[in-house]
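Below is one structure, written out as structure tokens, with a few remarks after it.
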Amino acid sequence: MTAPESTRHYVSWFRQAAPYIHAFRGRTFVIGFDGEVAQGALAQALAQDCNLLAALGIRLVLVHGARPQIEAELKRRKLKARYHKGLRVTDAAALECVKAAMGVTRLEIEALLSQGLPNTPMAGAWMRVTGGNFITAKPVGVVDGVDYQYTGAVRKIVAEEISADLDQQNVVLISPIGVSPAGEIFNLSMEEVAEAVAVALQAEKLIFLCDAPGVTDGRGQLIEAITAEEAEQALRKPKRLTEDLGLYLPCCMRATRAGVKRAHLIDRDIDGGLLLELFTHEGVGTVVTREPLARLREATIDDVAAIVGLIAPLEADGTLVRRGRERLEMEIGRFSVLEHDGVILGCAALYPFSRDKAAELACLAVNPDYRRVGYGEQLLHYMEARARKAGLKRLFVLTTRTSHWFIERGFKDAGVDSLPREKRELYNWQRRSKVLGKAM
């Protein structure tokens, strides 16, 4: 009996999520979101998703903001909001509005996280939500002649106390308010607090829910992964960045450079965006890392199964010559792989003919879902560099279906007679592969 297509899709997705579930258990995630999220239509869905993350053994720290709530409180009291360089100027009257808005927002978030009605995703759940005086603050002071008064900056995060709460399987909810050693209260920015907490805890992930799908390129296309260095370059083009991205991207950049493994920017208006970003390989936002996610390396025996999975469909349709697993294990030193976020997405092999200063490029294969990303070209360049390092002067390929791809990348028709003698003697005349060559 065949299950319905929707059921098969669900089972497939759930199986694909399994490696992430294993990898994330016991890891610390810091999730920052502003007041728009807390009062938005998807606030309840976010609470349900956070409940699921906690149930999977992820140590959660939630940092909330309350900018629209503060604005509403200021308006209610007929006070005017003041900003300088995008940062709120908090006088004594504004501080009272901040405290009122933060308190109400925090209570509403706690209420959302405490739901457990039957027939809902949180049925039977009980999330223990804790908080505390985890932040020591200091005043921003006077900038450009403007006194920020009770607007503060993070001086210290008491990471040991947060970790102790997480060890008790509590979800830690932090409001961006800090206290100085003198007992003064300061209004802090949510993004700075989230960054500081993530760095202090050396979190696995810092996640921001924002007003954009993520960082985009010049054509408006989403950039799925970006390094801290590339993020710094993007900040030099502020017109491409929304208000939230302008605030959050620098935090992501600094956090990854300070030891946080990954930082994510996710559209706050995508229902389930948090789960889609964390538990699918392609994600839905932009991930910021210190080093590139994709890396090329020489293959090891542990990669054999992944290589078999890549080349088996191409062997089945005749694009590649069949290789047994035993042969692959014996020749694994010839292979290189492209690994993206721990998953093998491409492979290629190099068979040198030292006497002729030449090498055969074989088994170039990329996961079908990623063939338009440029991974095939990256593998080709890597193998060319590997051949040059070995002192080889010429690269050749035998192909039946992909000759145009190689020709577009500098290969030329060479003919069977151009092959090294020992390779020429093994040429399969029934297969009639085209021989293409390229000088190194």
Under 3.5 Å, is there a donor-acceptor pair between the side chain of [X] and the main chain of [Y]?
X: R431; Y: G318; value: yes
X: R394; Y: A439; value: no
X: E195; Y: R254; value: no
X: R59; Y: R25; value: no
X: D34; Y: E36; value: no
X: Q115; Y: L112; value: yes
X: E191; Y: Y248; value: no
X: Q69; Y: G35; value: yes
X: N428; Y: Q430; value: yes
X: Y427; Y: S433; value: yes

Kindly compute the distance separating [atom1] ([X]) from [atom2] ([Y]), expressed to the nearest 0.5 Å.
X: I70; Y: T105; atom1: CD1; atom2: OG1; answer: 7.5 Å
X: Q233; Y: L235; atom1: CD; atom2: CG; answer: 10.0 Å
X: L60; Y: L166; atom1: CG; atom2: CG; answer: 8.5 Å
X: L87; Y: L247; atom1: CG; atom2: CG; answer: 9.5 Å
X: I58; Y: L52; atom1: CD1; atom2: CG; answer: 8.0 Å
X: K357; Y: L392; atom1: NZ; atom2: CG; answer: 7.5 Å

Does the side chain of [X] come under 3.5 Å of the side chain of [Y] through a donor N or O and an acceptor N or O?
X: T130; Y: D165; answer: yes
X: S175; Y: H64; answer: yes
X: T216; Y: R240; answer: no
X: D244; Y: T242; answer: no

For [X] and [Y], which heavy atoms make the closest approach, and how far apart are they?
X: A349; Y: M383; result: C-CE, 3.7 Å
X: I266; Y: I207; result: CD1-CG2, 3.6 Å
X: A137; Y: L188; result: CB-CD2, 4.0 Å
X: A365; Y: L314; result: CB-CD1, 3.6 Å
X: V288; Y: C252; result: CG2-CB, 4.0 Å
X: V171; Y: M127; result: CG2-CE, 3.5 Å

In terms of heavy-atom contacts, does [atom1] of [X] have more than 12 from other residues, nucleotides or ligands at under 6.0 Å?
X: R432; atom1: CZ; answer: no
X: Q169; atom1: CD; answer: no
X: N133; atom1: CG; answer: no
X: R27; atom1: CZ; answer: no
X: E326; atom1: CD; answer: no

Considering only heavy atoms from C-beta outward, does the side chain of [X] approach that of [Y] to under 4.5 Å?
X: I226; Y: T289; result: no
X: L53; Y: L278; result: yes
X: L201; Y: S163; result: yes
X: E339; Y: L345; result: no
X: R88; Y: R67; result: yes
X: K438; Y: L361; result: no
X: V193; Y: I135; result: yes
X: C210; Y: D267; result: no

Check your understanding: Between E315 and R323, does at least one N-O distance fall below 4.0 Å, as a salt bridge requires?
Key ->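 No.
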Check your understanding: How are the rings of F24 and F29 set to each other: parallel, tilted or perpendicular (split at 30° and 60°)?
Key ->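 If you compare the ring of F24 with that of F29, the planes turn out perpendicular.
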Review point. Parallel, tilted or perpendicular for Y20 and F279, by the 30°/60° rule?
Key: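 Perpendicular.
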Exercise for review: Please assess E110 against S114 for the test side-chain hydrogen bond (donor to acceptor under 3.5 Å, both in side chains), listing each intermediate value before the final yes or no.
Suggested key: CA-CA 6 Å; E110 287 185 354; S114 300; over 6 Å; no
Check your understanding: W405 ring centre to R409 NZ or CZ under 6.0 Å, with the angle to the axis within 45°?
Key -> yes
**Study point:** Name of the residue among E232, E229, E291 meeting salt bridge (charged side-chain N to carboxylate O under 4.0 Å, His left out) with R257
**Key:**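 Passing option: E232.
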Practice item. Give the C-alpha distance, both sets of side-chain angles, the deciding distance and a yes or no for salt bridge (Lys or Arg N to Asp or Glu O under 4.0 Å) between D356 and R421. Key: CA-CA 9 Å; D356 298 87; R421 183 175 57 84; over 6 Å; no
**Study point:** Aromatic ring proximity, centroids under 6.0 angstrom, F411 and F396
**Key:**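 Centroid separation for F396 and F411: 6.0 Å or greater.
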